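A quick note: this is a predicted structure, and the numbers were derived from the prediction, not measured. When a residue number appears, it is its place in the shown sequence, counting from 1. The analysis underlying the following values was restricted to heavy atoms, covering all of them including side chains, and did not include hydrogens, waters or symmetry mates.
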Amino acid sequence: MGQAVGHDGRYERRYEQRCTGLHSGRRGAFRTADGRPCTLPPPGKPQAGGRVPASSRTGHVAEFRPCCPQPADWLGRGLVTLEDVSRLQVVSGKGGTGKTTVAAALALALATEGKRTLLVEVEGRQGIAQRFETEALPYEERKIAVAPGGGEVFALAIDPELALLDYLQMFYKLGSAGRALKKLGAIDFATTIAPGLRDVLLTGKACEAVRRKDKTGRFRYDYVVMDAPPTGRITRFLNVNDEVAGLAKIGPIHNQAQAVMRVLKSAETAVHLVTLLEEMPVQETADGIAELRSARLPVGRVIVNMVRPEVLDAADLELVRTVPRAAVARSLSAAGLGGARRGGHAERLVDPLLAQAEEYAERHTLEHEQRAVLGELGLPLHELPLLAEGMDLAGLYELATELRKQGMS
């Protein structure tokens, strides 16, 4: 599962590989090819809610990115172009599959080539702020990163209470009366007893961003990426028309739901599901796809996250099952790992080594079976690697590059 960005030595070593210049030797700084300083984002880890202590904040990811040369494979030949891609990209997945990390990487990938992407959070967990190691996101659209080629990633954490206040002001011009309702707890009460209303507000805010245009008539955002609720409730969350049927047959709420559904059920939207090569996540993904299709919501792609590298191929696995124990001991001894006779150091290594190989073989078989299940779903399948050094900001850019190469943007 994705982790908060960390600016430790590991991050510096990994990011150094992405710079064309030389490391200056001073922690937290790089030199680009022409000798200009390239400053890393501030050190420190987010506190509860994703906030970085003010004493440790000296910069911002969005300020840092432009000064550093981007990896050549972001802008080079062989990458897909950003054409015919749904403008609202909804990312869901079973808890623990890393859906927030994938949503963040997708937003970066879509922002490449000078595009502008809005990354929306609807669950109030401040997961986006943690991935980009910025302070907790307010209820406003804020730039959090710059993508290769000059693109920009903005983020918005939608607060259902504040969204309802906006809604009441828009349709009923409540003004200070709306703020008074919030102080009295009426807003929280309304969004709690009517979860369908809450979902209309959350999805409605994202759909409004999809349709919003500037003064020149251009869309304000080229793409909107929603870090959506888990697979188990994604269909109910998106199918707001049914959810509000018992609340209003006519009027502004009904009209809002209808407008939202026109976006969600159009070619402008694609719902992607993130999974792991494990039985429970794969089964939940299959169930989620069936529910989405039943509700006539547009299913996009399946993204398998945290895929382990293949260490042993089929021939190696067959050898593990048939090789004599004594032959393994002799091979270990020949490699200088001690004696092969009973009680020797090499001989004592055989059992744990074969046990580890057997465990890998079992996992390999399980992953192969789960790939076959996913392959039967009739959707494009993508795989993102498990990053051995853990998830950080450089890792997000790495995953975004992989998504671009695989045609996800």
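By the 6.0 Å contact criterion, CD on E359 is open, its count of non-hydrogen atoms from other residues, nucleotides or ligands being 12 or less.
Remark: the backbone N or O of E291 is not paired with any side-chain donor or acceptor of S294 at under 3.5 angstrom.
We find that R87 and D222 are not joined by a salt bridge, their nearest charged nitrogen and carboxylate oxygen being 4.0 Å or further apart. Using a 4.0 Å cut-off between charged side-chain N and carboxylate O, K115 and E152 make no salt bridge. Salt bridge absent: R262 and E268 never bring a charged side-chain N and a carboxylate O closer than 4.0 Å. Remark: E123 engages R125 in a salt bridge, criterion side-chain N to carboxylate O under 4.0 Å. Residues R325 and D351 are paired through a salt bridge, judged by an N-O separation under 4.0 Å between the basic side chain and the carboxylate.
Exactly one of H382, Q89, H272 qualifies for a side chain to side chain donor-acceptor pair (under 3.5 Å) with R301. That residue is H382.
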Task: Derivation of the salt bridge (Lys or Arg N to Asp or Glu O under 4.0 Å) call for R363 and E278 - done: CA-CA 9 Å; R363 188 175 76 239; E278 299 174 6; over 6 Å; no
- [ ] Would you check, one step at a time, whether the test side chain to side chain donor-acceptor pair (under 3.5 Å) holds for Q406 with E402?
- [x] CA-CA 6 Å; Q406 295 184 30; E402 191 63 34; 3.0 Å; yes
Open item on the list: With side chain to side chain donor-acceptor pair (under 3.5 Å) as the criterion, how do T97 and N305 come out once you've worked through the C-alpha distance, each side chain's angles and the decisive distance to 0.1 Å?
Closed with: CA-CA 7 Å; T97 59; N305 194 25; over 6 Å; no
- [ ] Please step through side-chain contact (heavy atoms from CB on, under 4.5 Å) for the pair M261 and Q258, ending with a clear verdict.
- [x] CA-CA 5 Å; M261 291 311 301; Q258 292 291 320; 5.7 Å; no
Open item on the list: Run the salt bridge (Lys or Arg N to Asp or Glu O under 4.0 Å) test on E113 and R404 for me, step by step, so that the C-alpha distance in whole Å, both residues' side-chain angles and the decisive distance to 0.1 Å come before the verdict.
Closed with: CA-CA 11 Å; E113 299 180 356; R404 291 270 296 156; 3.1 Å; yes
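In this structure, R116 is not positioned above the aromatic face of Y223 in the sense of NZ or CZ being under 6.0 Å from the six-membered ring centre and within 45° of the axis. Geometric assessment of R220 against the ring of F154 yields a positive cation-pi assignment under the 6.0 Å and 45° thresholds.
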